Amino acid sequence: MIARLTLGIETSCDDTSVALVAEDGTVRALVSATKDLDHEPYGGIVPEIASRNHSILLLPLIDECLRKGQVSWPQISGIAVTNRPGLIGALIVGVVTAKSLSLIYKTPFLGVNHLEGHLVAPFLRDEEYAPPAGFTYPYVALAISGGHTSLYYVQGLGQYQLLGGTRDDAAGEAFDKFAKMLGLGFPGGVRLDKLAQSGNPSAYNFPRSMINDDNLEMSFSGLKSAGHRLVEELRTKLTPEEFQQNIPDLCASFQEAIVDVLLAKLECATRRLQCRKVVLTGGVSANSRLRARALEWTQKKSYSLVIPPLRYCTDNAAMIAYLGSLRMNQLHEQSDASLGPRTQSLPTDFSAFLP
Ligand code: KG4
Ligand code: ZN
């Protein structure tokens, strides 16, 4: 049987990504470009720069993806594009491109929700990764990235309850801001993780806001402010050399506070829902301490834990192509020329938690 392939386009933030995915989640090709260095001097993502990069990179990446997958247009049965939520200028590039390709090649297209893409990412597969045998809905998913930190109960395709999430900063944003305060550059989450490996997680006591509240809400802005105050204080008290020596301890302690909160909320969510399956997704799920502690916790509880490989956890078009394929083929959805970009999710994308 010839696999029906969906072309996915992702341009919601700073990553430009294109993929070809079959109906069963097999990734035929995935090509992405991230120009972190263009944003680094500004210490954060500059929307205008992101949009400009997408418009330069997207068409060549589509060509490269088709070449890599050894696919020509007649073999593509649908086009999926992230149209929400995200940076408006960045989304426009993807949406306009998808619409144009749909017209030229007479191929149906669908605008999909980026966060929903993260939620179905564990089902992707390739030569090196497949979801654990028998893995299926329902599961509790924690989507953690530079822009999002949210807990969902995923009951099936299109059935998602938003359980809770951060009220202010995302966990990745907190990592990046603290890394910047320490002079580690942007985005500094990965560098912070590396340095933390040789640090003492109990050296400094950072706040763990809302950790004991019996709800699934989180807050990381107090932690960020505490980090800022401590760094200022240490910079005046210590010599530059002494400060440098303290960086691993600062990283490990800051990281521990975030991981403690995330695990406490996961524990609360799985208990409330009586759910024994946990998925971590989004760029922060690469964090080595979070992975180790989540594994330890799930093993102790005999829960199953799925963390898709990094290429499917960070922003990528494979999850978008797969989600579009599911929705187009199973739910018979299709967008029309009126599709536009949206900075926020639609109210119907996720339902509220019904305890
Ligand atoms: O999902 P992602 O690639 O992009 C979006 O933000 O949508 O996530 C990027 C975020 C950044 O904040 C980055 O610093 C963080 O994930 N990150 C990490 C690690 N790797 C990436 N944070 C902590 N530890 C890591 N190892
Ligand atoms: Zn994302």
Side-chain angles (χ1 to χ4, degrees), residues 8-17 19 30 32-36 39-40 43-47 50 54 82-87 90-91 94 112-121 141-150 152 165-166 169-182 184-197 199 201 220 223-224 227 248 250-259 261-262 279-294 307-320 323 343-345 349:
I9 297 176
E10 160 62 40
T11 64
S12 65
C13 193
D14 62 331
D15 298 290
T16 319
S17 182
L30 168 64
S32 306
T34 310
K35 294 204 140 202
D36 282 344
H39 302 275
E40 185 161 8
I45 290 161
V46 183
H54 290 315
T82 303
N83 83 312
R84 62 191 190 277
L87 302 170
L91 289 166
V112 298
N113 184 305
H114 173 89
L115 295 167
E116 187 183 355
H118 279 301
L119 299 184
V120 299
L142 175 63
I144 19 170
S145 69
H148 304 280
T149 300
S150 304
Y152 299 90
T166 181
D169 297 346
E173 190 182 346
F175 274 126
D176 292 341
K177 295 255 167 78
F178 190 62
K180 192 178 163 210
M181 291 172 212
L182 297 175
L184 305 180
F186 172 85
V190 184
R191 281 167 233 174
L192 188 147
D193 180 355
K194 263 221 175 81
L195 286 158
Q197 285 165 23
F220 296 106
L223 171 65
K224 194 179 69 186
L250 285 163
C251 290
S253 304
F254 189 87
Q255 175 177 267
E256 203 67 8
I258 293 186
V259 173
V261 171
L262 296 177
V279 168
L280 299 186
T281 183
V284 178
S285 59
N287 183 267
S288 58
R289 185 71 177 154
L290 176 63
R291 289 174 97 100
R293 296 227 1 234
I307 311 176
L310 201 53
R311 60 190 173 281
Y312 303 140
C313 269
T314 57
D315 286 353
N316 70 88
M319 65 185 193
I320 300 306
L323 172 61
T343 54
Q344 303 295 329
S345 294
D349 285 338

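Atoms within each ligand, like the ligands themselves, are counted from 1 in listed order. Nothing here was measured: the structure is a model prediction, and the numbers come from that model. We number each residue from 1, following the sequence as shown.
Checking only distances, E173 never comes within under 3.5 Å of ligand 1, N or O to N or O. Some N or O of N287 is nearer than 3.5 Å to an N or O of ligand 1, by distance alone. The shortest N or O to N or O distance between S288 and ligand 1 is not under 3.5 Å.
Contacts with ligand 1 closer than 4.0 Å are made by heavy atoms of both the backbone and the side chain of D315.
Minimum heavy-atom separation, H148 to P85: CE1-CG, 4.4 Å. When all heavy atoms are compared, the tightest approach of V284 to G172 is CG2-CA, 3.5 Å. A pairwise comparison of heavy atoms in R289 and Q255 identifies CB-NE2, 3.2 Å as the closest pair. Between H118 and D315, the shortest heavy-atom distance links the atoms NE2-OD1, 3.1 Å. Between L115 and S345, the shortest heavy-atom distance links the atoms CD1-OG, 4.1 Å. Between G283 and T314, the shortest heavy-atom distance links the atoms CA-CG2, 3.9 Å.
The closest protein non-hydrogen atom to atom 20 (N) of ligand 1 is V190 CG2, 3.4 Å. Closest to atom 26 (N) of ligand 1, if we only count protein heavy atoms, is D193 OD2, 2.8 Å. Ranking protein heavy atoms by distance to atom 15 (C) of ligand 1, first place goes to V284 CG2, 3.9 Å. For atom 3 (O) of ligand 1, the closest heavy atom belonging to the protein is T314 CB, 3.3 Å. Protein heavy atom in closest approach to atom 13 (C) of ligand 1: D176 OD1, 3.7 Å.
For N83, there are no side chain to side chain donor-acceptor pair (under 3.5 Å) partners two or more places apart in sequence or in a different chain. For D193, the side chain to side chain donor-acceptor pair (under 3.5 Å) partners at least two apart in sequence or on another chain are Q197, S288. Under the ring-ring contact (aromatic ring centres under 6.0 Å, His included) criterion, F254 pairs with F178, F206, not counting sequence neighbours.
The nearest non-hydrogen atom to atom 10 (C) of ligand 1, considering only G146, A179, G172, comes from G146. Of the listed options A196, S12, A174, G283, G283 places a heavy atom closest to atom 8 (O) of ligand 1.
Around the Zn ion (ligand 2), protein N, O or S atoms at less than 2.8 Å comprise H114 NE2, H118 NE2, D315 OD1.
Residues D15 and S32 have side chains that never bring a donor and an acceptor to within less than 3.5 angstrom of each other.
At a threshold of 4.5 Å between non-hydrogen side-chain atoms, the residues I9 and I320 do not count as touching. Using a 4.5 Å heavy-atom cutoff, the side chains of L182 and R191 are not in contact.
Counting atoms of ligand 1 from 1 in the listed order, those under 4.0 Å from a heavy atom of A286 are 20 (N), 26 (N). Numbered from 1 in the order shown, with element, the atoms of ligand 1 that lie under 4.0 Å from a heavy atom of G147 read 6 (O).
The closest approach between a heavy atom of C13 and any atom of ligand 1 is not below 4.0 Å.
Between atom CD of residue E10 and atom CG of residue N316 there is a gap of 7.5 Å, rounded to the nearest 0.5 Å.
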